[in-house]
Amino acid sequence: MTAHIDHAVTSGTFTLDGETFDVDNNVWVIGDDSECIVFDAPHDVETVVQLVGGRTVTNILCTHAHDDHIRHVFELTERVNAPILLHADDAPVWRLTHERQPDAELHDGDEFTVGGTTLRVIHTPGHSPGSCSFYVEELGVVFTGDTLFEGGPGATGRSFSSKETILESIREKLFALPAETVVKAGHGPDTTIGAEQVRLEAE
């Protein structure tokens, strides 16, 4: 059975550099009927647990360490008994929210298999130093966290971010994926690699 994607939206706040904003986050879970992987832990753990259902969670993969994505990750891991993985370059951002460390590190090129489907880690720094995207070739999707949205690159006006770096990540790594690849971001609606490539090149 091919893996499928479950989705919900949660609402809460994002705080960085002394400012707090209201924000809606996508919740993404990928797997089959017996096991799944969860991306991030935004705002409302109960919503994530409901998406998981009775399945075994093999990993909680963090797209990056901004607090709206990881604030409740330890509560989530207690509920689903799964390890938390984050790219090491996001450690300074993580420490703004948590003293306790993640369970393991993500690395560019790492692969995870769930429900017979393989996810490949793509390190896409810029929004934060350790931001990662997760490409699922079999399903034709990439989970981009806050690196790429419908409408363009993620924000880079705050601490630990770089506009030059995020543009390099998008152009060299994400735009190398097939144009029809569906982008499932940390916020907002889906788009495609091709649509965002046309949009960015037009600017």
Hey, could you give me each pair passing salt bridge (charged side-chain N to carboxylate O under 4.0 Å, His left out) that has a residue in residues 138-147? Not counting sequence neighbours.
->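 Pairs touching residues 138-147 that pass the test: none.
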Any pair with a residue in residues 71-97 that passes salt bridge (charged side-chain N to carboxylate O under 4.0 Å, His left out), sequence neighbours left out, goes on the list, sorted by first then second residue, please.
->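 Matches after skipping sequence neighbours: Glu46-Arg79, Asp67-Arg71.
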Residues in salt bridge (Lys or Arg N to Asp or Glu O under 4.0 Å) with Glu172, at least two apart?
->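 Glu172: no salt bridge (Lys or Arg N to Asp or Glu O under 4.0 Å) contacts found.
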Partners meeting salt bridge (Lys or Arg N to Asp or Glu O under 4.0 Å) with Glu35 (sequence neighbours left out) =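 Scan of Glu35 (salt bridge (Lys or Arg N to Asp or Glu O under 4.0 Å), adjacent residues dropped) gives none.
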How far does OG1 of Thr192 sit from CZ of Arg199, to the nearest 0.5 angstrom?
->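 The distance works out to 8.5 Å.
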Any residue meeting side chain to side chain donor-acceptor pair (under 3.5 Å) with Ser169, in chain and number order, not counting sequence neighbours =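 By the side chain to side chain donor-acceptor pair (under 3.5 Å) rule, Ser169 matches no residue at all.
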Sequence neighbours left out, what passes side chain to side chain donor-acceptor pair (under 3.5 Å) with Asp24? Give chain and number order.
->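 Asp24 satisfies side chain to side chain donor-acceptor pair (under 3.5 Å) with Ser11 once adjacent residues are dropped.
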Quick one: ring-ring contact (aromatic ring centres under 6.0 Å, His included) pairs with a partner in residues 162-182, sequence neighbours left out?
->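 Qualifying pairs: none.
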In one Ile/Leu/Val/Met/Phe/Trp/Tyr side-chain cluster, 4.5 Å: Val136, Val121 =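 Yes, Val136 and Val121 fall within the same hydrophobic cluster.
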With sequence neighbours left out, what residues match [X] under side-chain contact (heavy atoms from CB on, under 4.5 Å)?
X	answer
Ser162	Glu164, Thr165
Asp6	His4, Val29, Leu51, Arg55
Leu96	Leu16, Phe160
Thr181	Tyr135, Val142, Leu177, Pro178, Ile193

Can you label the angle between the His64 ring and the His69 ring as parallel, tilted or perpendicular, going by 30° and 60°?
->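 The rings of His64 and His69 sit tilted, inter-plane angle from 30° to 60°.
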Kindly write out the residues that satisfy ring-ring contact (aromatic ring centres under 6.0 Å, His included) with Phe112, not counting sequence neighbours, or none if the list is empty.
->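 Here no residue qualifies.
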